[in-house]
Amino acid sequence: AQTVTQSQPEMSVQEAETVTLSCTYDTSESDYYLFWYKQPPSRQMILVIRQEAYKQQNATENRFSVNFQKAAKSFSLKISDSQLGDAAMYFCAYRSARDSWGKLQFGAGTQVVVTP
Amino acid sequence: SAVISQKPSRDICQRGTSLTIQCQVDSQVTMMFWYRQQPGQSLTLIATANQGSEATYESGFVIDKFPISRPNLTFSTLTVSNMSPEDSSIYLCSVRQGVDTGELFFGEGSRLTVL
């Protein structure tokens, strides 16, 4: 079974600064998807960024980028130029490419606090 | 991306009662998933609802406690039966798009408090 580990319960960052959230996962598979989701107080789960394991290039979406280290099974999220609206719970998630149904397995989450 | 509406948004329920949560999607989807998020916790998959077949439950979840209906490609319900305070959680409906790009899309969740 796959497991997703987020070891940082909470991270604090000042506005305009950069914060990096860590995520490691355990899998014996070679083809899979990794995701970062954001959950603000409104509860809506919002996809931040997606990475396909067969792609060596790290995914980037505006101020959000990942450092995907396949051999180390590590998938960290970097938030650059942090804004107050980035404050939320961030979840790392894994999906096996062999799972045709498409269910996701989530880590425990990291609370990001943004201070002015 | 799919737009997902859940009802109710929140509710306060009495112990021993049952509540049905509705999930409506603005497009036809094959796979729908129901997740539970207990207070301060991560998301745990309850079951997968594939249209036209019985829902498939994850370990630790049973149909008698969480019956699910999936009458068509845009709608599903999750019932939380015989509720206890331990059932106080956010229940989230999620879907996989018709063109599978890997991720799931989520509704806003239903926050249930059981007294």
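Letters go in sequence order (proteins before strands), and every chain restarts at 1.
The structure places CE of M45(A) at 11.5 Å from CD1 of I4(B), a figure rounded to the nearest 0.5 Å. Atom CG of residue L47(A) and atom CZ of residue F105(B) lie 7.0 Å apart, to the nearest 0.5 angstrom.
Of the two parts of I90(B), only the side chain, counted from C-beta on, holds a non-hydrogen atom closer than 4.5 Å to a non-hydrogen atom of chain A. Contacts of L43(B) with chain A are made by both backbone and side-chain atoms, with heavy-atom separations under 4.5 Å.
Follow the hydrophobic side-chain contacts under 4.5 Å out from V48(A) and you reach M11(A) in the same cluster. Both L19(B) and L78(B) are members of a single hydrophobic cluster when ILVMFWY side chains are connected at heavy-atom separations under 4.5 Å. Note on F68(A) and L77(A): same hydrophobic cluster, where clusters join Ile, Leu, Val, Met, Phe, Trp and Tyr whose side-chain heavy atoms are under 4.5 Å apart, directly or indirectly. The hydrophobic cluster containing F75(B) does not contain L104(B), counting ILVMFWY residues as joined when their side-chain heavy atoms lie under 4.5 angstrom apart, directly or transitively. Cluster annotation: L84(A) and V13(A) are assigned to the same hydrophobic cluster (Ile/Leu/Val/Met/Phe/Trp/Tyr, side-chain heavy-atom contacts under 4.5 Å, transitive).
With a 4.5 Å cut-off between side-chain heavy atoms of Ile, Leu, Val, Met, Phe, Trp and Tyr, the cluster of V62(B) takes in none.
Heavy-atom neighbours of K78(A) NZ from other residues, nucleotides or ligands within 6.0 Å: at or below the threshold of 12.
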Chain A to chain B donor-acceptor contacts, backbone plus side chain, under 3.5 Å:
{"unit_1": "Y37(A)", "atom_1": "OH", "unit_2": "L104(B)", "atom_2": "N", "d": "3.0"}
{"unit_1": "Y37(A)", "atom_1": "OH", "unit_2": "L104(B)", "atom_2": "O", "d": "2.6"}
{"unit_1": "Q39(A)", "atom_1": "OE1", "unit_2": "Q37(B)", "atom_2": "NE2", "d": "2.9"}
{"unit_1": "Q39(A)", "atom_1": "NE2", "unit_2": "Q37(B)", "atom_2": "OE1", "d": "2.9"}
{"unit_1": "R43(A)", "atom_1": "NE", "unit_2": "E108(B)", "atom_2": "O", "d": "3.1"}
{"unit_1": "R43(A)", "atom_1": "NH2", "unit_2": "S9(B)", "atom_2": "O", "d": "3.0"}
{"unit_1": "R43(A)", "atom_1": "NH2", "unit_2": "S9(B)", "atom_2": "OG", "d": "3.2"}
{"unit_1": "R43(A)", "atom_1": "NH2", "unit_2": "G109(B)", "atom_2": "O", "d": "2.9"}
{"unit_1": "Q44(A)", "atom_1": "NE2", "unit_2": "F106(B)", "atom_2": "O", "d": "2.5"}
{"unit_1": "R50(A)", "atom_1": "NH1", "unit_2": "E103(B)", "atom_2": "OE1", "d": "2.6"}
{"unit_1": "R50(A)", "atom_1": "NH1", "unit_2": "E103(B)", "atom_2": "OE2", "d": "2.9"}
{"unit_1": "R95(A)", "atom_1": "NH1", "unit_2": "D100(B)", "atom_2": "OD1", "d": "2.8"}
{"unit_1": "R95(A)", "atom_1": "NH1", "unit_2": "D100(B)", "atom_2": "OD2", "d": "3.0"}
{"unit_1": "R95(A)", "atom_1": "NH1", "unit_2": "G102(B)", "atom_2": "O", "d": "3.2"}
{"unit_1": "R95(A)", "atom_1": "NH2", "unit_2": "D100(B)", "atom_2": "OD2", "d": "2.7"}
{"unit_1": "S100(A)", "atom_1": "O", "unit_2": "R96(B)", "atom_2": "NH1", "d": "2.2"}
{"unit_1": "W101(A)", "atom_1": "O", "unit_2": "R96(B)", "atom_2": "NH1", "d": "3.2"}
{"unit_1": "K103(A)", "atom_1": "NZ", "unit_2": "E58(B)", "atom_2": "OE2", "d": "3.2"}
{"unit_1": "L104(A)", "atom_1": "N", "unit_2": "Y35(B)", "atom_2": "OH", "d": "3.0"}
{"unit_1": "L104(A)", "atom_1": "O", "unit_2": "Y35(B)", "atom_2": "OH", "d": "2.9"}
{"unit_1": "G107(A)", "atom_1": "O", "unit_2": "S42(B)", "atom_2": "OG", "d": "2.4"}

